[in-house]
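Please read the structure below before turning to the comments.
Since this is a predicted model, take the numbers as computed values, not measurements.
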Amino acid sequence: MGEALSLKADWLLPVTGPPIKNGELQIAGGRISALSSVEKIKSSSGTVVIPGLINLHSHLDYSEAPFLKNAPLFDWIERLVATTRQWSREDFERSAAKGAAEAILSGTTFLVDSSYTGQSALAMHRVGLKGIVGLELFGVDATSAAPVFSHWQKRMEELEQELQRLQKATGSESSWSTDDKPIELTISPHSLYTVSPELFRLAVNWAKDRKKFVLTHLAESPQERAWTETGHNRLDSYLRTVLPGPAEEAAQRADLIKNISWKGRGLSPVESLAAEGCIGDRLIAAHCVHLGADDLGILHQAGAAIAHCPRSNRNLENGRAPLEQFLYRELKTGLGTDSLASTESLSMLDEAKALVQVLTEAGIFARDEAQQLALRLITIDAARAAGADDRIGSLAPGKLADLVVLESTYEDPKLKEALMQDGDRVLDGLFNGAFRVRDVYVEGRALVKNGILENPVQKVAG
Ligand SMILES: [Zn+2]
């Protein structure tokens, strides 16, 4: 149980309410108990408190994979597969640990991660991060959907046991008192072009029975849309490159790829998934860039959520997702970074900054509107998409004390004073490098202090 604590800052940005100048935030039992404005603090400390940031789409497993920019998605993914296929379990463990540390040091407290190996979940636990981790599922051969799914279930059981062992070994100190499932393990069928309809249905039914989320990549590239609508060669050649198996069975594999039933149905990727009954209110679909006319209506009606990844979409030449339409249709939406193999950092403030740039350059929003929106998309809106807005995503009494203390990077006291004058300047400062992450709290416990990882869980583990 976290101790009672009081934090003072020049500003509190609750996100769901107006900024509070000379703010004081009270924490008791791991939750926020009160927010108030106190009398003018003698001299400006240059600090701002914001909610813990939420990353709606990541792959911590690939944090040490080479970053490849300006490569079309399927060239990129072939290279990613070629590199990481050589990795040992220890390589993935080290890579996920690097990603988890980078995430929390940049102010993220909750991640929705798709994990090839499951190592993301263990790495998140070790630094005290919370979230939803989907163990990835692959299999394009419809005839082997049942055994492939059984194999996945076995891997999932092993992962659950490993996470439980780790939680037990790190003692009661490591288990969050107010949130009994800090890391929810679930399923992540990778995409339409890597999972057969039969296997996708098994995944969705498994999640439905357990009231769990389904994490997938959807309508990410123009090639994917062309493939489901008319059958596009680039995806076939990609599958021929990455599908494992002996050389003498290449002809069989080519036959299998030729007959994948998602292909050339005249449907968009979203319509294809909907036709299989695979879109529901617990689907978190990453990207959603290449959409047919009715696709947002389908997603909205089902109550599905979208993880918008502006930097990854740009870097892999997939174009810009129609965020303004997601908002207009009131779709549950948050921002995600994707992996360090396709983006520059795991910082949600960096992702939000890139979004503000895209939205203002395209003339879609005025700068201050874009900034307010971007902040919501990495806090309360992302929390709603992850079904956690009753617990996290804003500074409000009763919410978990997951929060970030930012500190001004300005050395000059006059500049600092000017920055902290009004809430609009503070908000602007979040997006132009005027602040650095100083402390990160999860349920009232400091996991990052003065920019350094505390690592309480590992300490207990010895
Ligand atoms: Zn991804």
Side-chain angles (χ1 to χ4, degrees), residues 52-68 77 79-138 152 155-167 169-170 174 181-188 190 213 215 217 284 286 307 309 312 336-348 351 386 440 442 447-448 453-461:
L53 303 177
I54 299 165
N55 188 342
L56 209 55
H57 181 67
S58 63
H59 305 262
L60 296 184
D61 275 12
Y62 295 136
S63 300
E64 288 200 332
F67 172 44
L68 187 60
I77 206 166
R79 223 169 101 173
L80 178 71
V81 170
T83 307
T84 54
R85 237 180 220 164
Q86 315 299 323
W87 284 12
S88 66
R89 184 194 151 95
E90 287 70 31
D91 290 332
F92 276 107
E93 195 177 330
R94 202 179 49 246
S95 182
K98 181 196 166 191
E102 184 176 324
I104 196 162
L105 284 167
S106 59
T108 298
T109 53
F110 191 100
L111 282 144
V112 177
D113 190 276
S114 289
S115 182
Y116 182 65
T117 61
Q119 284 295 332
S120 296
L122 308 177
M124 282 163 61
H125 172 78
R126 289 189 180 105
V127 297
L129 277 167
K130 302 189 295 186
I132 301 167
V133 176
L135 182 62
E136 285 191 314
L137 172 71
F138 295 84
W152 178 89
R155 288 178 58 222
M156 176 51 108
E157 275 165 31
E158 285 164 9
L159 179 61
E160 279 167 343
Q161 285 164 10
E162 208 172 345
L163 183 60
Q164 274 167 17
R165 268 202 303 276
L166 193 61
Q167 284 166 338
T170 47
S174 66
K181 274 232 163 156
I183 296 173
E184 181 189 328
L185 296 177
T186 190
I187 194 158
S188 178
H190 172 263
F213 282 95
L215 316 179
H217 297 89
I284 301 179
C309 308
S312 177
T337 55
D338 225 337
S339 79
L340 282 175
S342 69
T343 197
E344 290 82 351
S345 76
L346 293 177
S347 159
M348 294 316 295
E351 196 68 42
V440 179
V442 172
L447 298 182
V448 174
L453 198 56
E454 283 287 295
N455 240 341
V457 176
Q458 273 192 339
K459 263 186 203 159
V460 176

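Residues Ser95 and Glu64 approach most closely at OG-N, 2.8 Å, considering heavy atoms. Residues Leu447 and Ile104 share a closest heavy-atom pair of CD1-CD1, 3.7 Å. Taking every heavy atom of both residues into account, Trp152 and Thr186 meet most closely at CZ2-O, 3.9 Å. In terms of heavy atoms, Ala100 sits closest to Leu129 at O-CD1, 3.7 Å. Nearest approach of Leu346 to Asp338, heavy atoms of both residues: CD2-O, 3.8 Å. Taking all atoms of both residues into account, the shortest heavy-atom contact from Thr337 to Ser347 is CG2-O, 4.3 Å.
Counting heavy atoms from C-beta outward, Lys130 and Thr109 have side chains that stay 4.5 Å or more apart.
Asp61 and Ser115 form a side-chain donor-acceptor contact under 3.5 Å, judged by distance and modelled atom types alone.
Between Glu454 and Arg126 there is no salt bridge, since no side-chain N of the basic residue sits under 4.0 Å from a carboxylate O of the acidic one.
The distance between the ring centers of His59 and His217 falls below 6.0 angstrom.
Atom CD1 of Ile77 and atom CG of Leu68 lie 12.0 Å apart (nearest 0.5 Å). Distance OG/Ser63 to CG/Leu340: 4.5 Å, rounded to 0.5 Å.
The number of heavy-atom neighbours closer than 6.0 Å to CZ of Arg79, taken from other residues, nucleotides and ligands shown, is 12 or below.
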